[in-house]
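Accompanying notes for the structure given below.
Predicted model, so just to flag it, every value in this text is computed and none were measured. Residue numbers start at 1 and run along the sequence shown. Counting starts at 1 for both ligands and their atoms, in listed order. Heavy atoms only: backbone and side chains are in, while hydrogens, waters and symmetry mates are out.
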Amino acid sequence: MAGLREIEKQFFPLQKIQDVIDLFKNELKDNEPNLTLMSIVLGVIENILTVNRAVSSDADKSNTLEPIFPVIELSTIEALYTKFVTHIKRSVDKTKFPDKFATRELVKIVSDVVWCCLSKSFKDRAHLQSLYSFLTGNKLDCFGVAFAVVAAFQILEYNDVHLSLSEDHAWVVFGEDLKETAEVTWHGKGNEDKRGQPITASVVEKSWLYLNGQPVICNRHMEVAAIVSGINPSINLTVDSVEMGSLQQELLWLLYDLGHLSKYPMALGNLGDLEEISPTPGRPPPVDIFEESIESSKVHYHNQHVYPYTYLGGYHYRNHNYKKALKAWAEATNAVKNFNYNREDEEIYKEFLEVGNDLIPTMMKHVASENASRIHQTSISYDPDCYADFLRFYDGICEWEEDSKTPVLHITWAKQLVNSLAKFDPTVRKLIHLISEDGEESSSSSESDEESEEEREIIQDENRNQKKKVKAKKGKTHDKDKSDKINGKAEDS
Ligand SMILES: FC(F)c1nnc(N2CCN(c3ncnc4sc(CC(F)(F)F)cc34)CC2)s1
């Protein structure tokens, strides 16, 4: 790939969101959309709108709704583009690799060409995902390194090297029919990188990090979807750039309409989140998009992806549809239970820890107060379906832990379980009919009364302890409340 093509240059300068949409629309018509160009353009815009925000000095501008979209000059983009292309072409002697398809040796060399320039600091900060970050700050996050390798191979005119994505890791596939795999980046903290190594069946089997062999294997258009999905509109922990969020949302709808999100559940989840924040007129509601994300995982990935369910659960929780939230979370652990938990799976562990030990307890508390307003007939603490999904949620977590090298549950899980159990009304606990996997039936209402009496005593004892603790903690601000604000998407100030 040489310099920018004339047709690409004509879109500059980019002065508004629509100019970026037009540039991407044109690139996506091509069967080799220019990954390097698009990553640099998005990185420049994200940097101006979030990291180096031009603080408008004239007072009148700050309170108008006039957008602050920057003017992106061709010269800025071309300089960065040439820098990356030159760096890649100068570092790889193609004459040594006459094959049409990439080899493992070449993949390691290209990974090294990216890796050697990286500064060793702050790898899990925001806004480190684009080639702009690589070219101006020598910093890339885990995804950014893998993407840079794939963009480099496009420049070297290999069309067999593609991005392979799980829910918390990225690597590449290559070779005649994408049969080869290779690590090209690091994962998590304190793990030696395994760059150059293949991802073997033993590493993949029952591993959430490698999705048990069901990762998202991208083509060039899905690689564009990955950089758009990776846009981070956050200015800081509490405020997002409205312009950057709108650009991401419009680009995701462009990719959606072209069919490039149909096999990418997380990109659909990201789009659902954006639609919750700012609904696009004439587009489906967020729930429909989350359902499409789940359907995509079922159809294309043997229902092995977990995030589609936690996207949906989080959405229902935020909108106080507690019954639907419990159903989604039960289906999330139904997906995760087939994996064996290991030390590199912390991200999904944290997701479930928050659901089990924070969101569900908070939900049960709210519902308890709702009872006070005598609408308890519809409340979840009287609903057998909710109780069944609550039990399924925990059953999935326990099955996930079974045969795992690393334990999942600890005392806090048990305490919260007892605490939440107690919030369900005893009558509803009798209505549950437990059918084990081998079809054996047993009703949850225990045959002997003293057993349920004993169960009640444990629960009452736990409640007494909880009440004592709450009184003791009265003065202390609840961290979760703070982080609730942190997760809030306040409008651009
Ligand atoms: F569980 C839900 F509530 C979630 N909310 N946000 C979630 N994200 C946000 C976006 N995200 C992603 N969104 C699109 N594509 C990818 S590829 C990938 C793995 C890695 F970064 F490449 F290593 C992560 C990821 C990770 C999961 S899950």
Side-chain angles (χ1 to χ4, degrees), residues 39 42 123-130 140-150 162-173 183-189 191 193 199 207-211 214-218 222-234 240 245 248-249 251-252 255-256 260-261 263-277 286-287 289-290 293-294 296-297 301 305-319 325 328-329 331-333 335-336 344-355 358-359 483 487 489:
S39 179
L42 292 182
K123 295 183 265 190
D124 52 2
R125 234 176 42 196
H127 314 300
L128 302 183
Q129 76 283 44
S130 77
L140 281 173
D141 60 20
C142 161
F143 166 83
V145 171
F147 173 79
V149 169
V150 172
H162 285 289
L163 203 50
S164 182
L165 302 171
S166 78
E167 295 186 315
D168 190 43
H169 191 31
W171 59 95
V172 296
V173 293
E183 299 278 6
V184 290
T185 181
W186 82 91
H187 175 259
K189 292 190 186 70
N191 304 315
D193 74 81
I199 288 106
S207 147
W208 171 73
L209 190 66
Y210 292 94
L211 287 176
Q214 303 284 340
V216 176
I217 297 180
C218 296
M222 289 169 74
E223 279 143 12
V224 177
I227 53 174
V228 172
S229 209
I231 287 172
N232 184 342
S234 305
D240 277 8
Q248 181 179 34
Q249 200 166 349
L251 285 172
L252 283 172
L255 288 154
Y256 177 92
H260 303 316
L261 303 192
K263 296 182 181 174
Y264 198 162
M266 283 184 289
L268 289 167
N270 289 344
L271 182 54
D273 277 351
L274 290 164
E275 283 294 309
E276 178 188 6
I277 296 165
V287 186
I289 304 166
F290 294 127
S293 173
I294 289 166
S296 171
S297 172
Y301 304 106
H305 293 199
V306 181
Y307 279 151
Y309 295 106
T310 46
Y311 271 113
L312 181 62
Y315 173 81
H316 282 315
Y317 174 80
R318 289 189 296 272
N319 291 279
W329 287 329
E331 289 173 0
T333 66
V336 86
E344 294 208 57
D345 294 344
E346 296 97 324
E347 283 309 306
I348 199 65
Y349 172 80
K350 286 190 287 193
E351 203 69 35
F352 286 123
L353 190 71
E354 185 188 27
V355 171
D358 202 329
L359 305 187
S483 66
N487 292 331
K489 302 267 183 195

Nitrogen or oxygen contacts under 3.5 Å, ligand 1 side and protein side:
unit_1: ligand 1; atom_1: 6 (N); unit_2: Y311; atom_2: OH; d: 3.4
unit_1: ligand 1; atom_1: 8 (N); unit_2: Y311; atom_2: OH; d: 3.4
unit_1: ligand 1; atom_1: 13 (N); unit_2: N270; atom_2: ND2; d: 3.3
unit_1: ligand 1; atom_1: 15 (N); unit_2: Y264; atom_2: OH; d: 2.7

Exercise. What's the shortest heavy-atom distance between S166 and M266, and which atoms?
Worked result: O-CE, 3.4 Å

Problem set entry | Point-to-point distance, once rounded to the nearest 0.5 Å, from CH2 of W186 to CG of N191 | 11.5 Å

Problem set entry | Spatial distance of atom CD1 (I227) from atom CZ (F147) [nearest 0.5 Å] | 4.5 Å

Problem set entry | Ring geometry between F290 and Y315 (parallel below 30°, tilted from 30 to 60°, perpendicular above 60°) | tilted

Exercise. Has the side chain of Y301 got a donor or acceptor atom that lies under 3.5 Å from a matching backbone atom of K263?
Worked result: yes

For this session: Find the distance between CZ (F352) and OG1 (T310) and round it off to the nearest 0.5 Å.
Result: 6.5 Å

